[in-house]
Structure formats: C-alpha cells, structure tokens
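Written out below as structure tokens is the structure these notes cover.
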Amino acid sequence: MPDENPSARTSPRVRFAPSPTGFLHVGSARTFIFNWLYARHNHGTMVLRIDDTDVERNTEASVQSIFDGLRWLGLNWDEEYRQSERLALHRKAAEAIFARGLAYRDFTPAHADDEHPSGVQGAWLFNPGMREMSREESDRRAAAGERFALRYRVPRGSGAAAARTLRFADGVYGEQTKPADEVEDFALLRSDGMPTYHLASCFDDADLGISHIIRGQDHLTNTFKHLLIFEALGVAIPNFSMPQFAHLPLLVAPDGSKLSKRKHGPVVSVTTYRDAGFLPQAFINFLCLLGWSPKNDREYLTLEELVGLFSLEGVNRANAVINFTEEVPFDDKAVWLNAEHIRALPVEELAQELEPIFKQAGFNAPREKVLAVTPLIRERIKLLREAVAAADFLFVDELAPYDPAELIPQKGDAAMARRVLETAKEVLAVASFDHDSLDKALRAAAAQLGLKAGQAFQPIRVAVCGRKNAPPLFETLVVLGREACLKRIGQALEKSASLG
RNA sequence: GUCCCCGUCGUCUAGGCCGGCCUAGGACACCGCCCUUUCACGGCGAUAACACGGGUUCAAAUCCCGUCGGGGACGCCA
C-alpha cells in the first residue's frame, strides 16, 4: 500500500523542556514521564531541552539538580539541547517575523513587576500607538537607540470583518477555539534583545521537528499564541507541520492550589522522594496514576507495563491532588506502591539498594550480611530508609536499652520470663543454627515448660531484638548467630533481676 | 475584571463521547474479622461519592441550560 501521508508515518518526536529555576518539581517529573512514555510506546524520540533563556533566574545549580532528579528516575533521553546556545537562531527568527510585517516594535517602557498589566476592566491587548506606528518612525526611533520590545501583531477583526478563529484539537481536552481578537499582542523579544519563552520554545519545537507537545494544562490558553508563532515560523522551515498538542491536568496541593516550591517546600521536589527511600519505579508508577488511568483497574505497574499501556486517551481532564501533610509528607498511595515495588524486588536487588543505606547509618554491613538481613525486613518496610530502624538490632553490637518488663510474656510473670530465658540459653547452646532445627528445639522446650509457643517466644524475641515487634524469631536467631544470641539472652537475664 | 478548563467515595480513579448492563466498580487510607510466635505480609468484610437546580427522555452519573465551587491564562516569567 502506498504511503499517502509520510508525516503520519514518521515516528513521533516529543520533548521535555524544564526551565532551571529550582529543583525538579514533581509536576515537571510527571510531564517528563508522560512524554517519555509516549515516546517509548510509539517508538519515538525523546528530546531533553533545558529552557534557560531567563538568565536572571536560571542557575547552574538548578540545572544540576534537574539532572540529578532525571538521572534518579532512570528514564533516558535521545537528544539534548540548551536553549541558551540557540540564542542567535531565536533572534534571527524574530527578525524574519518582523521583516514580514507580522510583528512590530513597542517602545513602551517595561512594566514594573508589581504592576499588573491587566486592569479591572478586562484583558490587556496591546499598548496604544505602537501597533499602528509607521515603519519609518519605528526605524527612526530604533536607530536613535530607543529600547523596544518586539510584539507579535495578532490579526484582529476590523470594522464588520470578524477576526479569524484560532483552533486546535488538543489530545486531552479536545477541540479548542478562540477568536484571535481575544489574544493579546504578546512579546517575541524583550527590550534587552532576549527572546521570550514563547518565541524560543516555539522556534525550537519547530526547528527540532517536535511532533507532539505534551505539557501542563497551564499552557492550554498559551497555545493560541503558539499557533500564531508556528504559523509565522513554518514558512521558513522545510517540511514543517504543526505539532499536535496534548495538555495534562495539573497536580495540585491538598488545598487545591497549584503545587509550588515556595508554598509547599521540599515535598514538591523529586529528590525528597529519592532521599526518603522511594524506588524510582514506584515513584513513576505513582505519578502515572495521577491524571492517567489504564482503565483496567490495575494500579501496580512495572515500567515495561506502563510503556505498553500508556496512551493519551487514558489521560484525565480534572486536576489531581497529591496528598501530603506536615506529619505525613508523602501520599499514602505513593507509600503503598513503594512497598509493593519493594516486595516485588528480588532479594539481591533489594539488598543492593539497602547496602549503602545501612552503611550510611554507620552499620558494619558487608554484602553477605545484608543479603541475609534483607528477607527479614522486606515485608516490613514501606520506604527504603525504614530499613535502618527495622534492622538495627541485627547490626549493632550492643542493644539499645529497653524496658525489662517487655521480657514478660502475655499472662506470665517475671519468673516465667526467667525460666524461658534459662531454658533458651541451654537449648541454643547446643542446637544447630538453622531454621527448622531451632523451630523444633524451641517448640519442644516450650512444651516442656508447659507454655504456649507465643508465650515462650516473646521473652526470647525481646532478649534478642530489644523489642516486641520484630521479624520472625527463628530466622532472626539464624542471622544473628549463636554467639550473639547467647550473649543477649545472658544480658536479658541480668536485666530481669530488676523485675523482682 | 476578561477568556478558558474542570467538578464521581477523604484521596487517586472506572463508567460519560455511543443514555438503560450503575441498587455507581477498583485502589489507597480508616475500621472489623481471619491467618499467625510478635510485627508485617496475605485473605475476607464494613463505612464512604455522581456539587446543586432545571430541562430532554419511557429511562440521565451519562445529553442540554443555568447556578455554585475549584483551577488556569491574561508579563519585556517560564
């Protein structure tokens, strides 16, 4: 079959274009992930472009922190650009638009930051006197060194003639239209000669052949401006075709407001999740479920499954709130998913994640030991960091002080605790240290003492772990080894003396 | 203020485009029970929502209008 529409056949090119004004924001991360998923699902190309045209606000530290976040996610990109390196291209594009009469110079002094340009009367459209200024006067003033911004001359209806209607089909929000009359004469170049976001972003998207622009819904109304820029730019770019747009619902805070670094603090930074012990695949899984659904009730999804399932049709239109409070900084569902992903990890891989964390906590944690400890805590931690508190007694030489009363079993007394510990000491001195042997020996000892297993095990558990809530007893004893067990039971016996 | 978007359990969502299968499904969280040597895992169960008002229709969460609520855009920020 002949290929009638070659452009529809070429693989999609998508981009993620963060501006380096802070750390990588969870909302940005989700935008990145959706773009990445779209690219991988459709065998397309993922472009990373650092939108650093705002020299005032951009910092190199921020660029690094964005890379930190992206590297942690582990999703690779195929091409990488820096907008600041393409400045000359942007200026040339602006000049070309001006030369064609599609833009004009605006000599109005820039607004101060606190001045809101849109009055209470309605939307601001353009500054009086500038749009109509003759080319001669404009040239003369520019030549005289007067500063100006370059504004796009948005087509407007004149007299009885209605303005044209701008339209595009959004991949998520559907058909969008707006009369050009309602679009303000936005700036292309600032009075310092720097391109604005709108110009730089559209030029690069067109020049880099981006086929699908997937971004936050806060750009939905900006898209009408972008349509105009693309139109003006397109004529100079061979084989240009208008990109498809898809806007993503916003991620909002529990109070419904837009997530912001300033207002909500570190919980909006992806490195906070990393440092708290989230697995990147769990974090990705969680973010995907915010504003997107595979529509088959599945929630725990691996990266491969996400790639296979992802489509723009599954994207929701309503904003999604990401739940957090000061006491509980992470969304319950994110934590649950993380626990699921932790349990799904093979022991060797989980051990590998845990090893640096144990070492950081100051534990003597050789590989073999971590490998032995991991199965004991795998089902007891929801965040990797919790492994430290869950397994500390398996690493330290001396147990942290605990209340001797903990040694007393249910429906028992101090004497019973001591009897159990004495017996355990004898049994463990000779028993072979593997799960089944210990199970057999200790159960037999309990029976001999006339106690229920649970009653007999509690003093031993507390003696060995220093607390009541701990992993299963026999596995714990095995990992700890005979020497440590006997020593701790001996210490417990001493402690129990104070119980009278 | 103007324009745009959105509104299903506390939260994430399915269902909505193609009205009846929805006495609205799933998940997290919460509560209860079971399993069990503690904790955890696992299993089972319970509570919980179509923002409101009109209309269209034999029939509306689903279509239409309005109201209210939330959000976004309106910068020489991105």
Side-chain angles (χ1 to χ4, degrees), chain A residues 17-21 51-54 56-58 106 108-111 113 115-125 147-151 170 173-174 176-179 182-184 186-198 200-201 216-225 247 249-250 252 254 256-258 286 289-300 316-323 328 331-337 339 343 377-382 390 409-410 439 442-443 446 452-458 460-462 465 467-474:
Chain A
S19 57
T21 57
D51 275 9
D52 54 353
T53 51
D54 185 359
E56 308 269 293
R57 303 200 310 160
N58 295 159
D106 183 344
T108 312
H111 275 286
D113 277 354
E115 263 180 87
H116 197 68
S118 49
V120 276
Q121 318 294 36
W124 170 90
L125 290 176
R147 288 162 74 84
F148 61 86
L150 193 69
R151 286 189 186 282
D170 190 86
Y173 289 90
Q176 304 292 315
T177 61
K178 185 174 199 145
E182 291 171 13
V183 177
E184 76 278 8
F186 53 89
L188 259 20
L189 245 32
R190 305 191 231 165
S191 50
D192 60 3
M194 292 296 283
T196 62
Y197 158 76
H198 298 300
S201 171
Q217 194 236 45
D218 44 352
H219 283 299
L220 194 62
T221 48
N222 280 336
T223 305
F224 296 105
K225 296 169 201 164
H247 289 86
L250 264 22
V252 298
S257 65
K258 196 175 164 179
F286 169 65
L289 262 19
L290 257 24
W292 174 80
S293 160
K295 302 194 189 295
N296 59 183
D297 286 344
R298 297 205 45 201
E299 311 239 313
Y300 169 84
N316 208 308
R317 283 168 301 277
N319 289 169
V321 354
I322 166 163
N323 242 326
V328 187
D331 194 298
D332 283 327
K333 197 152 198 168
V335 173
W336 170 75
L337 276 170
R343 281 177 229 128
I377 57 170
R378 184 155 71 155
E379 274 151 17
R380 292 173 177 74
I381 58 171
K382 292 178 189 294
Q410 278 290 302
D439 185 326
L442 256 14
R443 276 185 203 281
K452 289 200 208 169
Q455 276 180 309
F457 295 166
Q458 159 126 337
I460 306 174
R461 177 180 297 110
V462 173
C465 304
R467 57 169 174 255
K468 286 180 182 166
N469 299 346
L473 186 58
F474 311 129

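Source: prediction; values computed, not measured. Chain letters run A, B, ... following the sequence lines, proteins first, then strands; residues in each count from 1. Just so you know, these numbers use all the heavy atoms, side chains as well, and skip hydrogens, waters and symmetry mates.
A/His247 comes within contact range of no nucleotide atom at all, as no heavy-atom separation falls under 4.0 Å. If you check every strand for non-hydrogen atoms under 4.0 Å, A/Pro471 touches a base. Residue A/Lys178 is in sugar-phosphate contact alone, with no base atom involved, counting any heavy-atom pair closer than 4.0 Å across all strands shown. Among the heavy atoms of the strands, none lies under 4.0 Å from A/Arg298. As judged by a 4.0 angstrom heavy-atom cut-off over every strand, A/Glu56 is placed among residues making no nucleic acid contact. Within 4.0 Å (heavy atoms only), A/Pro472 reaches at least one base atom of the nucleic acid.
The closest donor-acceptor contact from the side chain of A/Asp170 to the backbone of A/His247 lies under 3.5 Å.
Base pairing analysis places B/U47 opposite nothing; no Watson-Crick or G-U wobble pair with both distances below 3.5 Å involves it. When both distances must be under 3.5 Å, the Watson-Crick or G-U wobble mate of B/U23 does not exist. Here B/C74 sits opposite B/G1 as a Watson-Crick or G-U wobble pair (both hydrogen-bonding atom distances under 3.5 Å). With both pairing distances under 3.5 Å, B/A61 is matched to nothing as a Watson-Crick or G-U wobble pair.
Side-chain proximity of A/Trp124 to the nucleotides B/G75, B/G71, B/A78 is greatest for B/G75. When distances run from any side-chain atom of A/Leu250 to the nucleotides B/U38, B/G71, B/C41, the shortest one goes to B/G71. Comparing B/A73, B/C76, B/C5 by their closest approach to the side chain of A/Arg151 singles out B/C76. When distances run from any side-chain atom of A/Glu184 to the nucleotides B/C5, B/C74, B/A73, the shortest one goes to B/C74.
Checked by distance alone, A/Lys333 brings a side-chain donor or acceptor within 3.5 Å of a matching partner on the base of B/C12. With hydrogens and angles ignored, a donor-acceptor pair closer than 3.5 Å exists between the side chain of A/Ser191 and the base of B/C76.
Annotation: side-chain contact (heavy atoms from CB on, under 4.5 Å) contacts of A/Ala446 (sequence neighbours excluded): A/Ala456.
Note: CG (A/Leu442) to P (B/U38) measures 15 Å, nearest angstrom. For A/Lys225 and B/C3, the NZ to P distance is 16 Å, given to the nearest whole Å.
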Worksheet, complete the sentence: Quick tally for nucleotides 13-21 of chain B: nucleotides whose base has a protein heavy atom under 4.0 Å get B, sugar-phosphate-only ones S, the rest -, giving SSS------

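The aromatic rings of A/His219 and A/Tyr197 lie parallel to each other, with less than 30° between the two planes, well short of the 60° mark.
Comment: A/Glu184 does not engage A/Arg151 in a salt bridge, judged by the lack of any side-chain N to carboxylate O separation of less than 4.0 angstrom.
At B/A78, one or more side-chain N or O atoms of A/Thr53 fall inside 4.0 Å of OP1 or OP2 (strictly under the cut-off).
Atom name C1', nucleotides B/C18 and B/A61: the rounded distance is 16 Å, in whole Å.
Contact between A/Gln176 and A/Leu220 at its shortest, heavy atoms only, is OE1-CD2, 4.1 Å.
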Which protein N or O atoms sit under 3.5 Å from an N or O of nucleotides 63-66 of chain B?
none

